[in-house]
**Student:** 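Below: one structure in structure tokens.
For the numbers below, each heavy atom of this structure counts, side chains included, while hydrogens, waters and symmetry mates do not.
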2 protein chains.
Amino acid sequence: METPRQRQHRQTMADILRIAHGQLVTEGSAGLSLRAIARELGLVSSAIYRYVPSRDELLTLLIEESYTAFGDAVEAAEARCRREDLGRRWLTVGRAVRRWAVANPAEWALLYGSPVPGYHAPPERTTAAGSRVPFLVLQLLADADLQPASDDPPMTAALHRELDKLRPGLPGDLKPEVLARGLLAFSSLCGLVSLELFGQFTNTVTQFPAHLDHQLTRLGATLGIPEPT
Amino acid sequence: METPRQRQHRQTMADILRIAHGQLVTEGSAGLSLRAIARELGLVSSAIYRYVPSRDELLTLLIEESYTAFGDAVEAAEARCRREDLGRRWLTVGRAVRRWAVANPAEWALLYGSPVPGYHAPPERTTAAGSRVPFLVLQLLADADLQPASDDPPMTAALHRELDKLRPGLPGDLKPEVLARGLLAFSSLCGLVSLELFGQFTNTVTQFPAHLDHQLTRLGATLGIPEPT
DNA sequence: CAACTTCAGAGAGCAGTGCTCTTGCTTTTG
DNA sequence: CAAAAGCAAGAGCACTGCTCTCTGAAGTTG
């Protein structure tokens with residue numbers, strides 16, 4: 001049972017996150033101000049520390065929230081594809097990533113931009129949530145019938161160890177070529193989206209969503225993914 | 001002729017930039033503090049505004065400086081390659097980009113990470129310097145004999161206009177497939193480097209520089225670049 | 001050479017930030 | 001019902017960017 005007091009606490013906590021999210025959207029991550037949140041809540045500045053121990057902690061909360069929303073969005077889109085249609089799955093993931101990033105640029109910057117200076121996210125709380133989308137790509141490639149590549153065995157073994165740390169449930173039979181290609185696929189996707197959001201070519205690419213499709217198809221071809229049917 | 005007064009001004013200006021650069025390396029872009037710079041110079045806080053009108057302006061100066069150093073490093077490496085050896089040029093550019101980024105992570109974050117919140121770099125002062133490396137990739141692809149691709153003509157035309165704005169000297173006969181592939185190449189490279197620097201796979205990839213070579217070769221194959229001889 | 005102008009630097013001050021500490025006062029609990 | 005727990009307030013510290021006025025020295029000019 002929830003006492004009124006607990007309920008009120010939970011409500012205030014939710015309000016804080018809501019306002020913080022608004023600040024993130026309008027001001028960016030540097031605009032996050034605990035004092036401003038308190039002001040907007042009608043609280044005195046020190047009272048906010050009853051709920052959030054520090055600004056960094058608030059940032060971590062927002063990052064967790066964003067990773068979850070991002071993972072949900074992309075996984076939901078991918079889940080609607082026929083499992084056998086690898087090309088469709090890849091294209092869908094790419095489009096979903098871009099769509100979410102364009103709709104939530106502040107959050108995208110938080111997750112995949114340069115780290116907020118002076119702040120380091122505690123890996124144990126972010127990497128698991130943050131690996132959902134890259135693992136989607138990895139799974140997709142694992143489902144493909146890839147030609148074994150001449151990869152560097154010690155490098156691949158280390159990669160495997162690293163990924164296993166992130167998500168212990170990793171299937172042990174992930175082939176070397178899947179790991180290497182998955183990393184390239186996800187990196188390139190991030191690069192394409194980040195450059196569109198942060199970079200100099202903004203206008204052009206935004207005007208033509210077909211551009212991403214072209215690039216995804218091209219990348220897919222490299223990675224051994226067939227065209228969508 | 002330079003009067004002593006001008007000389008002293010220039011010297012102080014250089015000192016400011018040197019200290020600011022040090023702050024960038026040790027504290028990150030949020031650690032940039034005009035007051036701290038003044039303190040280190042033995043000046044009172046307000047005196048710094050004789051030299052730098054605002055913190056944002058200081059950031060812009062640092063960005064210009066970084067773009068120049070970055071462009072110099074990569075262009076110098078690429079210039080040492082035989083013109084005909086496209087594969088070598090591509091590999092060299094990729095390695096040079098990564099080497100510079102690993103050696104100057106704070107600057108890399110400044111240039112290709114998420115924008116410093118609340119600050120927007122004046123495009124007229126950064127895009128020209130910032131387009132040096134991507135244009136190196138573009139030139140490289142232009143030198144290749146690419147198969148014409150079935151690209152979206154209006155998209156390509158818009159891309160061309162956009163790039164022309166960045167650097168008016170753009171050769172008018174840049175083929176559509178060159179533009180699209182150049183963008184993919186540069187984006188992917190940025191993604192690979194940024195994920196290594198900011199991301200979760202840091203340890204692994206750093207331990208095995210061969211990883212980047214693999215990925216560059218794979219990307220090169222997609223883009224119609226032969227293996228280095 | 002004396003008068004005038006320019007300007008680097010000093011100092012005070014404003015508005016804002018994160019964060020800590022103590023002090024009331026209300027709610028929950030034994 | 002008394003005691004413990006906990007929310008909110010208020011003052012305060014150290015820091016930030018930035019603006020203003022003023023002084024005194026350096027450079028310029030008649």
Side-chain angles (χ1 to χ4, degrees), chain A residues 1-17 19-24 26-63 110 115-122, chain B residues 1-20 22-24 26-63 110 115-122:
Chain A
M1 194 46 206
E2 197 185 41
T3 72
R5 194 156 191 164
Q6 285 173 329
R7 192 186 131 56
Q8 210 260 329
H9 189 105
R10 199 173 46 78
Q11 181 61 49
T12 306
M13 197 70 207
D15 285 344
I16 289 176
L17 281 176
I19 296 174
H21 188 268
Q23 285 189 352
L24 203 66
T26 60
E27 311 277 340
S29 57
L32 260 195
S33 160
L34 293 181
R35 290 182 108 106
I37 294 174
R39 220 176 298 130
E40 194 160 332
L41 275 171
L43 288 180
V44 83
S45 70
S46 59
I48 211 80
Y49 291 89
R50 293 273 159 196
Y51 301 91
V52 175
S54 73
R55 203 192 100 111
D56 281 8
E57 179 61 28
L58 178 60
L59 256 176
T60 304
L61 288 174
L62 287 172
I63 289 177
L110 209 55
V116 177
Y119 163 79
H120 259 280
Chain B
M1 197 42 210
E2 196 186 41
T3 72
R5 197 156 189 166
Q6 286 172 327
R7 190 187 132 55
Q8 212 262 325
H9 190 104
R10 200 173 45 79
Q11 180 61 50
T12 306
M13 196 72 207
D15 285 344
I16 289 176
L17 281 175
R18 186 176 41 77
I19 296 174
Q23 285 188 350
L24 204 65
T26 59
E27 311 278 338
S29 58
L32 261 194
S33 160
L34 293 181
R35 289 182 110 107
I37 294 175
R39 221 176 295 130
E40 195 160 333
L41 275 170
L43 288 181
V44 83
S45 72
S46 60
I48 211 79
Y49 291 89
R50 295 273 160 198
Y51 299 92
V52 175
S54 73
R55 203 192 100 112
D56 281 8
E57 179 62 28
L58 179 60
L59 256 176
T60 304
L61 289 174
L62 288 172
I63 289 176
L110 208 56
V116 178
Y119 162 78
H120 259 282

**Student:** How many whole angstroms separate atom OH of A:Tyr49 from atom P of C:dC21?
**Tutor:**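 Atom OH in A:Tyr49 sits about 13 Å away from atom P in C:dC21.
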**Student:** Pairs in or reaching into residues 35-54 of chain B: which pass ring pair (Phe, Tyr, Trp, His ring centres under 6.0 Å), with residues at least two apart or in two chains?
**Tutor:** B:His9-B:Tyr51
**Student:** Using atom CG of A:Asp56 as one end and atom P of C:dC19 as the other, report the distance to the nearest whole Å.
**Tutor:**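 Atom CG in A:Asp56 sits about 7 Å away from atom P in C:dC19.
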**Student:** Would you please name every residue forming a side-chain contact (heavy atoms from CB on, under 4.5 Å) with B:Arg5, sequence neighbours left out?
**Tutor:** B:Thr3
**Student:** Please list, pair by pair, any protein nitrogen or oxygen found under 3.5 Å from a nitrogen or oxygen in nucleotides 5-10 of chain C.
**Tutor:**
residue, atom, partner, partner atom, Å
C:dC7, O4', B:Arg5, NH2, 3.1
C:dA8, N7, B:Arg50, NE, 3.4
C:dA8, N7, B:Arg50, NH1, 3.3
C:dG9, OP2, B:Tyr51, OH, 2.2
C:dG9, N7, B:Arg50, NE, 3.0
C:dG9, O6, B:Arg50, NH2, 2.5
C:dA10, OP2, B:Val44, N, 2.7
C:dA10, N7, B:Ser46, OG, 3.4

**Student:** Checking only heavy atoms, does the side chain of A:Arg35 share a donor-acceptor pair with the base of C:dG16 at less than 3.5 Å?
**Tutor:**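 Such a pair does not exist between side chain and base.
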**Student:** Quickly work out the A:Glu57 CD to C:dC19 P distance and round it to whole Å.
**Tutor:** 11 Å
**Student:** Rounded to the nearest 0.5 Å, what separates atom CD1 in A:Ile63 from atom CG in A:Leu59?
**Tutor:** 5.5 Å
**Student:** Quick one: side chains of residues 30-46 of chain B, donor-acceptor pairs under 3.5 Å with protein atoms, not counting sequence neighbours, listed by atom name and distance.
**Tutor:**
residue, atom, partner, partner atom, Å
B:Ser33, OG, B:Arg35, N, 3.4
B:Ser33, OG, B:Ala36, N, 3.0

**Student:** Mind checking which nucleotides bracket the chain B contacts on DNA chain D, 5' to 3', with an atom under 4.0 Å from a heavy atom?
**Tutor:** D:dT16 to D:dG27
**Student:** Base, sugar-phosphate, or nothing: which does A:Leu32 touch, judged by heavy atoms less than 4.0 Å apart?
**Tutor:** sugar-phosphate
**Student:** For side chain to side chain contact (heavy atoms under 4.5 Å, CB included), just list the numbers for B:Met13 and B:Leu61, CA-CA rounded to whole Å, side-chain angles, deciding distance to a tenth of an Å, and then say yes or no.
**Tutor:** CA-CA 11 Å; B:Met13 196 72 207; B:Leu61 289 174; 3.8 Å; yes
**Student:** What pair of heavy atoms forms the shortest contact from A:Ser29 to A:Leu24, and how long is it?
**Tutor:**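 Heavy atoms only, the tightest pair is CA-CD1, 3.6 Å.
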**Student:** How would you list, by chain and number, every residue that makes a salt bridge (Lys or Arg N to Asp or Glu O under 4.0 Å) with B:Arg50, sequence neighbours excluded?
**Tutor:**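 Expected list: none.
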**Student:** Find the distance A:Leu34:CG to C:dG16:P and express it as a whole number of Å.
**Tutor:**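 In whole Å, C:dG16 P lies 16 Å from A:Leu34 CG.
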**Student:** Mind checking side-chain contact (heavy atoms from CB on, under 4.5 Å) for B:Arg18 and listing every partner two or more places apart, or none if nothing turns up?
**Tutor:** B:Asp15
